[in-house]
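Start at 1 with the first residue, then count along the sequence. Values in this document were obtained by computation on a predicted structure and should not be read as measured data.
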Amino acid sequence: MVNTVGGTVMRLFLVCCMMGIALASNAAPASFDLVITDGHIIDGSGSPWYSGDIGIRDGKIAAIGNLADAARTRTIDARGMVVAPGFIDMLGQSELTILVDPRLPSKIYQGITTEITGEGSSAAPQNDFMIKADKASYEHYHITPDWHTLREYFVRLEKQGMGINLATYVGATSVRRMVLGDDDKQPTLQQLEQMRELVRQAMRDGAVGVSTSLEYAPAPYAKTDELIALAGASSKFGGIYATHMRNESDSVLDAIDEALRIGQEGHVPVEIWHLKVAGQKNWGRMPEVVAKISAARAAGVDVSADTYAYPAWFNSLSAFIPAWAHDGGDAKLVERLKDPAMRARIRKELMTPSSDWDNEWDEIPGPEAVLMGIVQNPKLLPLQGKTLAEVAKLWNKDPMDALFDFLVEDNAFTGVAVFGMAEPDVALALQQPWVSVDNDSSGASPEGLLGEEHPHPRGYGTFPRILRKYVREEKKLTLEDAIRKFSALPAQRMRLTDRGILKAGMWADVVVFDPATIHDTATFENPNQLAQGMEFVLVNGVPVVDGGKMTGKLPGKVLRGRGYVP
């Protein structure tokens with residue numbers, strides 16, 4: 001009896017299946033909002049390209065294959081071009097500039113459809129003290145900071161709209177400032193628990209993890225145990241620990257050890273931002289760095305890294321000043337630079353090689369290696385794009401005095417490009433299978449307020465430059481591997497399970513470009529130039545670049561971490 005019933009059920013099941021197939025074969029072809037036809041599909045996995053059509057419906061990839069007979073609202077002919085997943089910028093810095101120009105032209109023309117931001121200092125949490133202390137930045141961008149939590153910041157983003165998707169870490173520096181201000185002091189157990197609760201709340205608000213930027217005060221004041229406690233607070237929310245390490249030059253290996261310890265004891269994966277070996281005497285040490293991280297991975301430690309693949313970094317001019325002189329914030333720093341005795345002490349420390357702190361003055365060949373970038377004081381605008389050596393000559397001053405006086409004149413706001421890396425080290429880092437790509441620059445535009453700045457060219461050119469230089473010209477990467485570093489690899493690290501690869505069911509973040517012509521145009525002399533060669537860029541199925549032109553559409557989404565509580 002059981003067998004008879006079972007056989008009957010099976011026969012009915014097969015009949016239903018056959019009826020379903022017959023019905024499906026007689027049904028009208030599926031309808032799509034958009035079909036991308038005849039492209040070379042590089043899906044992000046690292047696999048070789050294949051031919052096919054991609055059908056998009058309701059913002060997602062609905063089908064891949066031969067869709068010649070399918071009904072659709074629009075067709076994009078990708079013949080002779082590559083169709084790939086949208087690129088993921090692993091460190092983007094656009095949390096403020098996205099409020100200035102939400103289209104983010106410098107990003108979308110590179111093919112960036114998703115940005116991860118929040119390097120040490122995040123958009124939130126922030127309190128009234130922090131808003132007042134950071135007044136210069138908000139005034140510079142004409143922004144009224146009307147949020148205190150990440151949840152409130154995300155609401156503002158969603159109300160405004162944005163051209164790309166954005167996720168953020170909660171910055172350990174921001175958390176520290178909420179409780180301890182900008183002072184060089186250590187938290188009590190009670191204060192540390194306050195900081196941990198701020199992390200937990202940020203994770204519930206949608207942060208993807210905890211980040212540090214340990215070169216910039218007040219971050220260096222934090223001991224390793226404090227950082228383990230904060231990283232650990234994010235662990236049960238699926239957090240990641242991302243870091244601009246404490247040292248990227250003489251003590252880079254020790255800094256890696258610290259990062260690995262924080263990850264292991266905090267029970268979170270580790271992402272090392274903008275992997276480098278800085279300073280002339282460290283050039284050629286990237287094989288040591290690679291070997292150390294590879295050994296950790298072989299031992300089961302979940303650690304990876306990213307790079308922007310330029311030989312110059314970009315940070316605050318005030319990073320040249322030792323951490324102790326930043327105690328109390330920028331206003332106190334400027335006071336110390338005006339004091340002859342303090343100034344003499346700072347000069348002596350800059351002139352003394354040390355592995356105890358990241359002494360950038362000791363890392364550069366000379367003042368000609370420092371390029372003045374973004375300033376706030378209008379009187380200093382003519383000096384944007386000039387080297388510190390040129391400024392010193394114009395002012396008829398010693399280069400170090402020119403550095404100190406520039407900080408005083410600009411209230412410690414200035415951003416600079418610093419040429420302190422060797423090309424072979426940069427290329428070797430990029431080639432590692434566990435290294436993805438970051439811009440380490442905020443979204444910009446050649447027009448308006450943002451066009452008045454003089455940023456690092458990486459802000460406009462990182463991803464196309466890698467495709468031009470390292471894939472097409474030098475052949476240090478295959479096109480498929482470069483795309484993997486731009487998409488599936490970072491999506492895997494950030495646990496973006498519905499992005500980063502082209503397959504049915506994924507969000508339709510898609511780029512279409514000619515691999516033979518795509519290139520960067522931004523230079524250190526003239527950085528505000530959009531990359532060329534991106535024919536189409538789709539964010540959640542909506543073109544933000546269409547036929548090589550920006551549409552102005554704002555289809556981006558806030559991407560919240562795994563611990564998000566609605």
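A side-chain donor-acceptor contact under 3.5 Å links S211 to the backbone of G120. Side chain of H326 to backbone of S318: a donor-acceptor contact under 3.5 angstrom is found.
Checked against side-chain contact (heavy atoms from CB on, under 4.5 Å), L449 has the following partners two or more places apart in sequence or in another chain: V100, Y141, H142, E452. Scanning for ring pair (Phe, Tyr, Trp, His ring centres under 6.0 Å) contacts around W273 gives Y169, with sequence neighbours left out. Remark: D257 engages K292 in a salt bridge (Lys or Arg N to Asp or Glu O under 4.0 Å) (not counting sequence neighbours). The salt bridge (Lys or Arg N to Asp or Glu O under 4.0 Å) search around D481 returns R484, not counting sequence neighbours. The side-chain hydrogen bond (donor to acceptor under 3.5 Å, both in side chains) search around R493 returns E271, D302, S304, not counting sequence neighbours. The salt bridge (Lys or Arg N to Asp or Glu O under 4.0 Å) search around E95 returns none, not counting sequence neighbours. Under the side-chain hydrogen bond (donor to acceptor under 3.5 Å, both in side chains) criterion, D546 pairs with R74, sequence neighbours left out. Take R560 and apply the side-chain hydrogen bond (donor to acceptor under 3.5 Å, both in side chains) test, not counting sequence neighbours, and it matches E158. Partners of H456 by side-chain hydrogen bond (donor to acceptor under 3.5 Å, both in side chains), not counting sequence neighbours: none found. Scored by the salt bridge (Lys or Arg N to Asp or Glu O under 4.0 Å) test, D58 finds no partners at all (sequence neighbours excluded).
Listed by first and then second residue, the side chain to side chain donor-acceptor pair (under 3.5 Å) pairs involving residues 105-114 are D89-K107, K107-E115, T114-N165 (not counting sequence neighbours). Identified under the ring pair (Phe, Tyr, Trp, His ring centres under 6.0 Å) test for residues 198-231, with sequence neighbours left out: Y216-H244.
Classification of R246 and E215 as a salt-bridged pair fails, no side-chain N sitting under 4.0 Å from a carboxylate O. Ion pair R156/D146 flagged as a salt bridge, since at least one NZ, NE, NH1 or NH2 atom sits closer than 4.0 Å to an Asp/Glu carboxylate oxygen. Salt bridge R204/E197: present, at least one basic N to carboxylate O contact under 4.0 Å.
Between H140 and F413, the ring-plane angle classifies as tilted under the 30° and 60° cut-offs. Between F513 and F87, the ring-plane angle classifies as perpendicular under the 30° and 60° cut-offs.
Side-chain contact between L554 and R103: present, with at least one pair of heavy atoms (C-beta onward) separated by less than 4.5 Å. Counting heavy atoms from C-beta on, the side chains of I228 and Y241 never come closer than 4.5 Å. In this structure the side chain of P145 reaches within 4.5 angstrom of the side chain of Q126, judged on heavy atoms.
If you run side chain to side chain contact (heavy atoms under 4.5 Å, CB included) between D438 and each of D306, T462, L275, only D306 comes through.
The cationic atom of R458 (NZ for Lys, CZ for Arg) does not lie both less than 6.0 Å from the six-membered ring centre of Y310 and within 45° of the ring axis.
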